[in-house]
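See below for the structure under consideration.
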Amino acid sequence: LVNMQGEVVGVNTLGTTQAQGIGFAISIDSAKPIIAQLRQNGKVTRGYLGIGAISLTAPVAAQYGISRDTGVLIGQVQPGSPAATAGLQQGDVIIGLGSVNVQSMQDLQQALTTQFKPGDQVAVKIDRNGTTQTVNVTLGTSPSQ
């Protein structure tokens, strides 16, 4: 995806012939770290926590009786995963990963893709039942990688 000056500004990811002129792309700033990994290693390696999670929004928070409405709500922790080993639990809300303020799944995924790699030990700031805690997690490699 290029602008009028011929500069790359994004990477097309999805388009449809069913609608007129609708397409989706990721910004070049999001793609640059991935491109660098591909050039250096021939593949993209992301830090792996081993959780199933969703972005915490006001409706989700109300449904689960959670007082905050941003962060990432852990719905599942894979047995034997880095998250399980570190003691993260279903119902915890991730609000920080290292120096990254986590307000949504996008923030978490971006940090795991661009700032951390398998083997890194990272401080995960969580809200557990209204109490803020920090848990150190050694990131793994996704079983699908």
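Computed from heavy atoms alone, side chains included, the values below leave out hydrogens, waters and symmetry copies.
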- prompt: Just checking, is any N or O donor in the side chain of E7 or N3 under 3.5 Å from an acceptor N or O on the other one?
  reply: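 Yes, a side-chain donor-acceptor pair sits under 3.5 Å.
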Shortest non-hydrogen contact between [X] and [Y], atoms and distance:
X    : Y    : result
G50  : S81  : O-OG, 3.3 Å
P82  : G140 : CG-N, 3.5 Å
A123 : T134 : CB-CG2, 3.7 Å

ILVMFWY network linking L73 to L112, side-chain heavy atoms under 4.5 angstrom: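 Result: no, two separate clusters.
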Throw together a table of side-chain donor-acceptor distances under 3.5 angstrom for residues 92-100, partners on residues two or more places apart or in other chains.
from: D92; atom 1: OD1; to: R128; atom 2: NE; distance (Å): 2.7
from: D92; atom 1: OD2; to: Q89; atom 2: N; distance (Å): 2.8
from: D92; atom 1: OD2; to: R128; atom 2: NE; distance (Å): 3.4
from: D92; atom 1: OD2; to: R128; atom 2: NH2; distance (Å): 2.7

task: Let me see the working for I28 and I35 under side-chain contact (heavy atoms from CB on, under 4.5 Å), right down to the final yes or no.
output: CA-CA 10 Å; I28 194 63; I35 294 166; 4.3 Å; yes
field: Any donor-acceptor pair under 3.5 Å from Q78 side chain to I51 backbone
entry: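 Side chain of Q78 to backbone of I51: no pair is present.
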query: Between T132 and I126, is a side-chain contact (heavy atoms from CB on, under 4.5 Å) present by the stated rule, with each step listed?
result: CA-CA 6 Å; T132 302; I126 61 169; over 6 Å; no
task: Check whether any side-chain heavy atom of Q103 sits under 4.5 Å from a side-chain heavy atom of N101, and report yes or no.
output: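 Yes. Closest side-chain heavy atoms under 4.5 Å.
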message: Is the shortest side-chain heavy-atom distance between L139 and V122 below 4.5 Å?
response: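 Result yes, sub-4.5 Å side-chain heavy-atom pair found.
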message: Does L49 form a side-chain contact (heavy atoms from CB on, under 4.5 Å) with V137? I'd like the steps, not just the answer.
response: CA-CA 8 Å; L49 283 171; V137 178; 3.7 Å; yes
Can you measure from [atom1] ([X]) to [atom2] ([Y]) and round to the nearest 0.5 angstrom?
X    : Y    : atom1 : atom2 : result
T85  : N136 : OG1   : CG    : 13.0 Å
Q109 : R46  : CD    : CZ    : 8.5 Å
I54  : Y64  : CD1   : OH    : 5.5 Å
Q133 : D127 : CD    : CG    : 9.0 Å
L56  : M105 : CG    : CE    : 12.0 Å
Y48  : T141 : OH    : OG1   : 10.0 Å

message: Does Q121, at its CD atom, have more than 12 non-hydrogen atoms belonging to other residues, nucleotides or ligands within less than 6.0 Å?
response: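 Count over threshold, so yes.
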message: How about CG on N129, more than 12 heavy atoms from neighbouring residues, nucleotides or ligands closer than 6.0 Å, or not?
response: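 Atom CG in N129 is not crowded, with 12 or fewer foreign heavy atoms closer than 6.0 Å.
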query: Could you go step by step and tell me if L88 and I74 meet the side-chain contact (heavy atoms from CB on, under 4.5 Å) rule?
result: CA-CA 8 Å; L88 292 175; I74 298 176; 4.2 Å; yes
